[in-house]
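Heads up, the thing below is written out as structure tokens.
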Number of protein chains: 2
Amino acid sequence: MIERRQTGTGLHDPVLEKLGMEIAAGELPPGHVLTLDGIQERFGVSRTVAREAMRVLESMGLVQSRRRVGITVRPTADWNVFDPKVIWWRLSGPARGAQLRTLTELRIAVEPLAAGAAARAATPAQRSRAVELAATLRRLGEAGELTEFMERDVEFHGLLLQASGNEMFAALADVIAAVLRGRTQLGLMPHKPVPEAMDLHDAVAAAVAGGRSAEAETAMRALLVEVRTAMLPG
Amino acid sequence: MIERRQTGTGLHDPVLEKLGMEIAAGELPPGHVLTLDGIQERFGVSRTVAREAMRVLESMGLVQSRRRVGITVRPTADWNVFDPKVIWWRLSGPARGAQLRTLTELRIAVEPLAAGAAARAATPAQRSRAVELAATLRRLGEAGELTEFMERDVEFHGLLLQASGNEMFAALADVIAAVLRGRTQLGLMPHKPVPEAMDLHDAVAAAVAGGRSAEAETAMRALLVEVRTAMLPG
DNA sequence: CTGGGCAATTGGTGCTACCTTTCCGTGGAT
DNA sequence: ATCCACGGAAAGGTAGCACCAATTGCCCAG
């Protein structure tokens with residue numbers, strides 16, 4: 001589940017969001033210098049708020065603050081590219097395609113192992129839920145219910161990441177949810193999921209349910225390679 | 001290269017560091033409530049400094065700030081476990097072993113694909129450097145120069161991650177360096193690297209140099225599985 | 001005794017004013 | 001041309017204020 005704005009309140013959050021987006025989008029290129037004064041004036045906020053937003057950006061590696069010189073935008077290589085906010089900002093900007101590609105590579109790396117681990121570590125409830133979801137996916141896919149299909153797909157992949165028992169894998173669930181949602185928004189999904197995809201979802205679920213780790217891993221890998229080739233033209 | 005706070009300057013940094021460590025270590029368990037006043041008094045800093053540290057912790061998902069309630073420590077599942085600072089804090093605390101395990105799983109997921117990508121995308125300089133490093137590793141390993149071996153190993157793995165052309169993989173270089181260093185500090189390394197490890201380093205380097213992607217991937221996977229089994233007893 | 005509403009308390013939110021510290025530029029002296 | 005000293009710009013840090021929201025608990029009605 002992506003959770004945008006659950007806090008809602010907070011005056012420094014809009015500032016953080018806007019600056020983060022602009023930096024991630026490259027509108028404020030590396031080397032560009034901001035000042036607290038400038039931020040205050042631009043957003044009509046106090047020094048306190050400007051400083052807090054700046055500190056958070058600094059902790060993400062997006063900027064560096066030095067006395068006398070100002071707030072400098074840092075090169076991309078220094079960013080915390082695993083920070084969910086940074087990923088979100090890049091997915092919202094012109095680098096969306098590139099970010100989707102690197103994230104898909106990450107998915108191909110992580111999700112097969114997560115599925116394998118899930119086959120070993122999942123609870124009975126998780127196993128049956130996986131099978132159930134795979135069946136639902138087939139039904140929705142054949143019916144052409146694209147958005148509902150996507151939501152279940154998000155749940156399916158999130159479930160396996162959670163069930164892997166590795167909290168670092170589990171932490172990727174939200175990010176991958178954003179990838180799946182962003183992919184359909186970008187029109188990188190076929191209008192009707194290919195039958196192979198449904199077969200592979202079934203295969204993964206069955207292998208997880210049956211505790212067949214290696215099988216779950218290879219099926220998930222095949223599924224994701226399928227996903228990558230499908231979005232290559234995009 | 002690990003770079004612990006080369007900025008040094010900054011009064012809010014020690015506060016952030018201490019609180020982060022305590023939360024990561026579980027000394028401040030989920031649900032525990034802090035107040036800005038308490039932080040001010042404890043560290044002898046002003047409200048501004050306490051607030052900035054709190055905001056950064058909040059952006060890492062370690063705490064949540066609510067009016068009238070205070071600053072609540074959030075459950076582990078909400079943490080940004082990919083944030084380098086969070087990883088560092090957990091590696092420094094009692095959860096070190098668990099963190100090393102999840103990170104090793106992540107390595108097994110990511111590094112083989114990164115090596116495969118490096119075989120496709122590396123520059124000529126990177127390819128020759130990889131071969132050179134593998135040879136150096138063999139020499140150092142046979143000589144039993146453990147710390148120097150480790151430093152070259154750090155460079156080797158970082159090089160391939162950088163060369164993969166995927167910035168998310170590249171961003172893991174620092175973290176993996178911390179894992180390698182932490183592993184030797186924890187005594188989870190054999191006193192003399194096993195010959196197989198050296199052979200596999202060679203195989204990876206040769207495959208990358210020769211552009212044989214699949215071969216680089218499988219060799220790297222074998223190398224990391226070796227690593228995992230070696231640290232399982234720990 | 002229970003429940004609902006109202007008021008007091010608590011603690012973060014945001015603002016302003018002011019001082020300190022660090023360095024970047026600049027300009028003058030050698 | 002080089003070096004050094006100095007002024008000023010901008011972040012770093014402190015203090016105290018008004019404000020607001022949520023929680024706590026009290027009080028009174030049923």
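Chain A is the first sequence line, chain B the second, and so forth, proteins listed ahead of strands; every chain is numbered from 1. Values below: every heavy atom of this structure, side chains too, minus hydrogens, waters and symmetry copies. Because the structure is predicted, anything quoted here is derived from the model rather than measured.
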- At what distance, to the nearest 0.5 angstrom, does OG1 of B/T147 lie from CG of B/L140? 9.0 Å

- Task: State, to the nearest 10°, the angle formed by the axis through the first five base pairs of the helix from C/dC1-D/dG30 to C/dT30-D/dA1 and the axis through its last five.
- Result: 10°

- Rounded to whole Å, CG of A/L11 lies from C1' of C/dT13 at a distance of 9 Å

- Going from CG on B/L36 to CZ on B/R47, what distance comes out if it is rounded to the nearest 0.5 angstrom? 5.0 Å

- Message: Does A/R66, at its CZ atom, have more than 12 non-hydrogen atoms belonging to other residues, nucleotides or ligands within less than 6.0 Å?
- Response: no

- Message: Using whole Å, what does the distance between atom C1' of nucleotide C/dT10 and atom CG of B/L36 come to?
- Response: 13 Å

- Aromatic plane relationship, B/F149 with B/H201 - under 30° parallel, 30 to 60° tilted, over 60° perpendicular: perpendicular

- Taking C-beta and beyond as the side chain, do A/E52 and B/R55 meet within less than 4.5 Å on heavy atoms? yes

- Message: Can you measure A/L34 atom CG to D/dA11 atom P for me and round it to whole angstrom units?
- Response: 9 Å

- Item | Length of the line joining B/Q40:CD and D/dT14:P, which is rounded to integer Å | 9 Å

- Note on the structure: Rounded to whole Å, CD of B/E41 lies from P of D/dA15 at a distance of 12 Å

- Whichever of B/R66 and A/R66 has the more 5' nearest nucleotide on DNA chain C, that residue is B/R66

- CD1-CG distance between B/I176 and B/D153, expressed to the nearest 0.5 angstrom: 10.5 Å

- Please give, in whole Å, the distance from C/dC15 P to A/I39 CD1? 14 Å

- Note on the structure: DNA chain D nearest-nucleotide lookup for B/R67 and B/H12: closer to the 5′ end is B/H12

- Indicate whether OP1 or OP2 belonging to C/dT10 is found under 4.0 Å from a side-chain N or O atom of B/T35. no

- Task: For A/V69, report the nucleic acid contact type (base, sugar-phosphate, nothing); a contact means any heavy atom under 4.0 Å.
- Result: nothing

- Item | Electrostatic pair B/E105:B/R101 at N-O distance under 4.0 angstrom | no

- Listed once per pair and sorted, the salt bridge (charged side-chain N to carboxylate O under 4.0 Å, His left out) pairs that draw on residues 159-173 of chain B, sequence neighbours left out: A/R90-B/E167

- Message: Below 4.0 angstrom, which residues in residues 42-56 of chain B have at least one non-hydrogen atom near DNA chain C?
- Response: B/R47, B/R51, B/M54, B/R55

- Take the protein atom CG of B/D13 and the nucleotide atom C1' of D/dG13, then report the distance between them rounded to whole Å. 15 Å

- Query: Whole-Å distance between C/dT21 P and A/R68 CZ?
  - Reply: 17 Å

- Message: Quick check: do A/V33 and A/V69 have side-chain heavy atoms less than 4.5 Å from each other?
- Response: no

